[in-house]
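Please read the structure below before turning to the comments.
Here is the naming used below: chain letters follow the sequence lines, and residue numbers restart at 1 for every chain. Note that the structure is predicted; figures quoted are calculated from it, not measured.
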Amino acid sequence: MEPRNRNGRGRKLGLSFYQQSGEALARALIGKVLVHRVEGKQLRGRIVETEAYLGPADLASHSSKGRTKRTEVMFGRAGYAYVYFIYGMYEMFNIVAGMTGHAHAVLVRAAEPLDGWDADLSGPGKLATRFGILRSDNGADLTGDKLFLLDRGDRPEIGVSPRIGIDYAGEWVDTPLRFFDLASNAVSGPKGRTRGAGKTRS
DNA sequence: GCATCGATGGTG
DNA sequence: ACCATCGATGCA
């Protein structure tokens, strides 16, 4: 018989999945499927790149600036979305991880579109925009049925590197908290294969 | 292919 | 003033 929540396309992940450290969750997210139901449609993508942010001690984390209106959701229970606006243009989609109060979170940086969806999801700004994830989704509950994750049983081979774009983070700049699917060509940045349409010829 | 730069507005 | 980014531009 089918497990409950079996969708034919994977099993929906529940609260306990999110209640692991940011580092463990960031690694576990590679290969999972992000689903966003909006306006009668369903957008789905397979996550291939993430970064962990480990709370106030982590100088790269927004939570290191303290508990503010912006960072409040990170200090709450795991499994909520932390969505923030940056560079005057982009939304960033994160998932709150770990124990309540620890303010761990995982930035979802890249995914492969599914179901024939033709979209470039290689980069956190592009991913959030194309998934239709907005600041108004800050605090959304991923154990709900609008924005959530599926486990298909994928076991991708995972690469690790320092995080991108955090040169201000002191001793944390080189900490290897970025995770990615070694076999995916949708990974952004270093180690990723942003391979174009194959124009290697002259 | 790689380095540099400007857009654009919330945040502390 | 800075920023968990991106696309355009210039040059090789």
Side-chain angles (χ1 to χ4, degrees), chain A residues 18 21-30 34 45 47-76 78 80-98 102-113 118-140 142 159-181 185-202:
Chain A
Y18 301 102
S21 75
E23 185 170 3
L25 181 64
R27 182 181 281 275
L29 280 169
I30 304 302
L34 175 64
I47 295 169
V48 297
E49 183 184 354
T50 61
E51 282 176 358
Y53 289 83
L54 303 184
D58 177 0
L59 297 177
S61 173
H62 294 165
S63 63
S64 69
K65 298 299 181 187
R67 190 166 181 154
T68 67
K69 182 164 282 185
R70 182 203 209 189
T71 63
E72 181 65 26
V73 69
M74 273 195 287
F75 287 88
Y80 287 107
Y82 167 46
V83 183
Y84 65 90
F85 186 63
I86 190 79
Y87 297 122
M89 281 175 239
Y90 302 106
E91 325 269 355
M92 296 286 182
F93 170 57
N94 299 254
I95 299 171
V96 178
H102 287 202
H104 284 205
V106 178
L107 172 64
V108 181
R109 292 189 55 91
E112 296 168 345
D118 182 17
D120 178 1
L121 307 177
S122 300
K126 289 187 281 191
L127 182 149
T129 298
R130 286 161 195 166
F131 259 98
I133 297 171
L134 306 169
R135 275 166 285 178
S136 56
D137 293 305
N138 188 48
L142 301 209
V160 183
S161 82
R163 293 169 291 182
I164 307 280
I166 53 140
D167 291 346
Y168 56 87
E171 344 189 291
W172 289 80
V173 289
D174 294 320
T175 310
L177 291 173
R178 171 172 172 258
F179 302 88
F180 52 94
D181 178 351
N185 63 8
V187 175
S188 74
K191 297 298 192 187
R193 314 137 164 70
T194 310
R195 94 176 291 143
K199 304 249 187 236
T200 324
R201 253 167 31 90
S202 65

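Each of B/dG12, C/dC6, C/dA4 was ranked by its minimum atom distance to the side chain of A/Arg70; first place goes to B/dG12. The side chain of A/Tyr82 lies closest to C/dA4, out of B/dG10, C/dC6, C/dA4. Here the nucleotide nearest the side chain of A/Ile86, chosen from B/dG12, B/dG10, C/dA4, is C/dA4. Candidate nucleotides B/dG10, C/dA4, C/dG7 were compared by shortest atom distance to the side chain of A/Phe85, and B/dG10 ranks first. Side chain of A/Tyr168, nearest nucleotide from C/dT5, B/dG10, C/dA4: C/dA4. Residue A/Ile164 places its side chain closer to C/dT5 than to any other of B/dA7, B/dT11, C/dT5.
Contact annotation: A/His62 side-chain N/O to B/dT11 OP1/OP2 distance is not under 4.0 Å. A close approach under 4.0 Å does not occur between any side-chain nitrogen or oxygen of A/Lys69 and OP1 or OP2 of B/dG10. The side chain of A/Arg109 places an N or O atom within less than 4.0 Å of a non-bridging phosphate oxygen (OP1 or OP2) of C/dT5.
Across all strands shown, C/dA4 has no partner, as no Watson-Crick or G-U wobble contact with both distances under 3.5 Å is found.
Contact annotation for A/Met92: backbone-only contact, meaning every heavy-atom pair under 4.0 Å involves sugar-phosphate atoms and none involves a base. Using a 4.0 Å heavy-atom distance criterion, A/Ile166 is classed as a sugar-phosphate-only contact.
Both thresholds, 5.5 Å between centres and 30° between ring planes, are met by A/Tyr87 relative to the base of C/dT5, so the two rings are stacked.
As rounded to whole Å, 3 Å separates atom C1' of C/dC6 from atom OH of A/Tyr90. Look at CG on A/Leu121: it is 15 Å from C1' on C/dC6, rounded to the nearest Å. Between the C1' atom of C/dA4 and the CD1 atom of A/Ile95 lies a distance of 15 Å, rounded to the nearest Å.
A/Pro190 is listed as a side-chain neighbour of A/Ile164, based on a closest heavy-atom distance under 4.5 Å. Considering only heavy atoms from C-beta on, A/His62 stays 4.5 Å or farther from A/Tyr53 through its side chain.
Seen from the ring of A/Phe179, A/Arg27 does not count as a face-on cation partner, given the 6.0 Å and 45° thresholds.
Here A/Lys126 contributes atom NZ and A/Asp120 contributes atom CG; the two are 3.5 Å apart, rounded to the nearest 0.5 Å.
Heavy-atom nearest nucleotides on DNA chain C were determined for A/Gly88 and for A/Arg130, and the one closer to the 5' end corresponds to A/Gly88.
Here the side chain of A/Trp172 pairs a donor or acceptor atom with the backbone of A/Ala57 at under 3.5 angstrom.
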